[in-house]
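Reading through the structure tokens given below for one structure.
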Amino acid sequence: MVVTRFAPSPTGYLHIGGARTAIFNWLWARHKGGKFILRIEDTDAKRSTEAAMTQVLSDLQWLGLQWDEGPQIGGPNGPYLQSQRKDIYDKYIDQLIELGRAYYCFDTPEDIQKMREAAAAKKQNFLYPRPEKFPSKQDAENAADQGKPVTVRMIMPDKPAVVEDLVRGTVTFAPDQLSDFIIKKSDGMPTYNFAVVIDDALMKVTHIIRGQEHLMNTPYQQAIQDALELPRPTYAHMSVTVSDSGGKLSKRERPETLRKAIKSKQDIDPEALAESAGLTKQQLDDFIAGKSMPDMPVIDAMAEKIGVHLPEINVVDFFRSGYLPEALLNFTAILGWTPAHGKEIMQAEQLVESFDLARLTKSNSLFDRKKLLAFNTEHMRLVLPEKLLEHMKKYLEAIDSPVAQADDELLAHLLEINAGARTLADIELKCRFLFCENEKIQYDPKAVKKVLLKKDAQGLKMLHIVRQKLADLAKLEESTLEHMLRGLAEDYQVGLGKVAQPLRVAMTGTTVSPPIFESIKLLGRENTLARIDITIEKFTKAASDEN
RNA sequence: GGCCCCAUCGUCUAGUCAGGUCCAGGACACCGGGUUUUCAACCCGGCAACAGGGGUUCGAAUCCCCUUGGGGCUACCA
């Protein structure tokens, strides 16, 4: 049976690169009818947090990547948090020492640093000087008593290491490139390279699909497998997803974009900005100077305050920008993989069905958010209405939108009349006007000028006429509204736009809304008339000034 | 610096392993046009690539070498 795993370290949000790794592993397991395991690599106590782990789990679930074994659901090979598996690792480390394949070391980080620098000065690769005679267990205990750091190093065999990789082919590493490496840290925890090997073996993982950045780790991991006579899984090192700003996608991109935006905008009140994000002025200054890095919610708050769009990096970022998980799943899966049939738009079942590890791309790829948008537009159409409603409700709640007041029936209707929208955010934005108090409409100056005031305030005049007709209309139905407005346009020998746009601005403050007849009906006669009156009153004087 | 990986339109890619069917196909973006009550969607059309140089071969995007470019790794992080 095929067994794959995704093994994130819970040091932050799940970002799109990690998600891609998870997706490929999940796809392969599902394609083969195998098992997908989730394991949390939290051996770095300094950086791992429980909150981050919870976030990662919910991000995976949002994407629809359900695991068969792992946190929350357990399984026969647990525990699934590495921090809870220390005894297991210790057993194997002791075994390696007994076998003479690993040995104790007592160097301080400073000692190592010096050796490294010396090697660099001689332009040599750093190889840890393996001692002639290995320290005994007694030596290790004595050293510990004296307060020396005790670590354990794995011996690297003195022969070329060969990695057979599904994506890269056969890759060979010369022995003088491979140094004895630490498998047990002085805090007693295993290093990543050690823990993965043990866990993958114990959890019977058959296929390791991970980023190319792990290719160099493989010879080390294979050395442990060989020494312990563990089976070698099949490796597939995928290409890396890079950012359009160059280099691999990084969490730093968001704060950096924000920093640049703050610097480039003149009209920002630093005091107000700091306050809106709950920072002191000093903290804000430090951030701008690049000296400190606030938490993500703080970054988000500031971005919203000054109105800049930060590039989405984390899975939650995409959620909060109104993307569908189906679209993100599809698009991410297609980054570095193309199905044999060549069709790009696929839903989960089709992805699973056509996924093939042998068709992974070798070269790195750039995450193109524009193409994601196109995929999202497509999936907005593809997703079942009930599913879309579910996504919308979740989204509205997450961004704390006034549109969340709508009941299911209304919301479903709003979704329907906005077919063709690119994101949930687009729909939310377009429908906000329905949930706004009449007096609190924000008028976009450009819209007002263009639609109402220009050409001798024709728009405003039309509004008077429309108001009268609307008030006289017996019943607000789409058909009667359409008849009325089209008739009006005909009477005055103008296009429908000349009638509809002023109305739209009066109702929404902008030139954008759902289809106009629907919009009027939804807003209702009373509110529509009220907004027309407010608009007329507000801009009549402006119109006379203008002309 | 050392080691490793990669190289087709602006971007993601098909084609490369089994050389001819490829003056290179698709998608996104972009540009032009159409439809239209706004935005979006939709329809039609267009632009656009085998990084460079050597080989091998009757024939190379495909095989080999070099150059250049990009990326990754070089931790008591994962």
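Each chain gets a letter, A, B and so on, in the order the sequences are listed, and its residues count up from 1. Predicted model only: the values in this text are computed from it and were never measured.
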Please state whether the phosphate of U37(B), meaning OP1 or OP2, lies under 4.0 angstrom from any side-chain nitrogen or oxygen of R486(A). yes
Looking for any heavy atom pair under 4.0 Å, which part of the strands does R504(A) touch: base, sugar-phosphate only, or nothing? base
What nucleic acid atoms does F517(A) come within less than 4.0 Å of, heavy atoms only: base, sugar-phosphate, or nothing? base
Mind checking A489(A) for me? I need base, sugar-phosphate or nothing, with any heavy atom below 4.0 Å counting as a touch. nothing
Once you apply a heavy-atom cut-off of 4.0 Å, does H214(A) come out as touching a base, just sugar-phosphate, or nothing? base
Think R116(A) has a side-chain N or O under 4.0 angstrom from the OP1 or OP2 of A75(B)? yes
Are K370(A) and C28(B) close enough that a side-chain N or O sits under 4.0 Å from OP1 or OP2? no
Starting at CE of M115(A) and ending at P of U74(B), how long is that distance when rounded to a whole Å? 18 Å
Y220(A) atom OH is separated from A78(B) atom C1', nearest whole Å, by 15 Å
For a quick test of reading the model: is some side-chain N or O of R47(A) closer than 4.0 Å to OP1 or OP2 of A78(B)? no
Is it the case that the side chains of D199(A) and Y89(A) hold a donor-acceptor pair, with the cut-off being a distance below 3.5 Å and no angle test? yes
Using a cut-off of 4.0 Å on non-hydrogen atoms, how would the nucleic acid contact of E344(A) be classed: base, sugar-phosphate, or nothing? base
Heavy atoms, side chains only, cut-off 4.5 Å: are K469(A) and V466(A) in contact? no
Regarding N193(A), tell me which of base, sugar-phosphate or nothing describes its non-hydrogen contacts under 4.0 Å with the strands shown. nothing
Taking atom types as they are modelled, is there a donor-acceptor pair under 3.5 Å from the base of A29(B) to the side chain of D368(A)? no
Within the 6.0 Å centroid threshold, strictly below: Y92(A) and F194(A): no
Please work out if E41(A) contacts a base, only the sugar-phosphate, or nothing of the nucleic acid, heavy-atom cut-off 4.0 Å. sugar-phosphate
Determine whether the side chains of N314(A) and H15(A) contain a donor N or O and an acceptor N or O closer than 3.5 Å. no
Hunt down the Watson-Crick or G-U wobble partner of G59(B), both distances under 3.5 Å, from any strand shown, or write none. none
Both distances under 3.5 Å, Watson-Crick or G-U wobble: report the partner of C3(B), or none. G72(B)
Length of the CG-P vector between L415(A) and A40(B), whole Å: 19 Å
Looking for any heavy atom pair under 4.0 Å, which part of the strands does I516(A) touch: base, sugar-phosphate only, or nothing? base
Looking across every strand, which nucleic acid part, if any, lies under 4.0 Å from T510(A) by heavy atom: base, sugar-phosphate, or nothing? nothing
Quiz item: K371(A) side-chain donor-acceptor pair to A27(B) base, under 3.5 Å: yes
Do any side-chain nitrogens or oxygens of T511(A) fall under 4.0 Å of OP1 or OP2 in C39(B)? no
Mark yes or no for a side-chain to base donor-acceptor pair under 3.5 Å between S363(A) and C6(B), with no hydrogen or angle criteria applied. no
Looking for any heavy atom pair under 4.0 Å, which part of the strands does T108(A) touch: base, sugar-phosphate only, or nothing? base
Roughly how many Å is it from CZ in F173(A) to P in C5(B), rounded to a whole number? 7 Å
Checking N1-N3 plus N6-O4 or O6-N4 for Watson-Crick, or N1-O2 and O6-N3 for wobble, each under 3.5 Å, the partner of A40(B) is none
Categorize D44(A) for me: base, sugar-phosphate, or nothing, with a 4.0 angstrom heavy-atom threshold over every strand shown. sugar-phosphate
Quick check on the 6.0 Å ring-centre criterion: do H207(A) and F24(A) meet it? no
Touch class at under 4.0 angstrom, heavy-atom based, for G497(A) against every strand present: sugar-phosphate
For K430(A), which contact category applies under a 4.0 Å heavy-atom criterion: base, sugar-phosphate, or nothing? base
Is any side-chain nitrogen or oxygen of K185(A) closer than 4.0 Å to OP1 or OP2 of A78(B)? yes
By the 4.0 Å heavy-atom rule, please label R369(A) as base, sugar-phosphate, or nothing. nothing
Taking pairing as Watson-Crick or G-U wobble with both contacts under 3.5 Å, can you name the mate of A18(B), or confirm there isn't one? none
Any side-chain N or O of R381(A) less than 4.0 Å from the OP1 or OP2 oxygen of C42(B)? yes
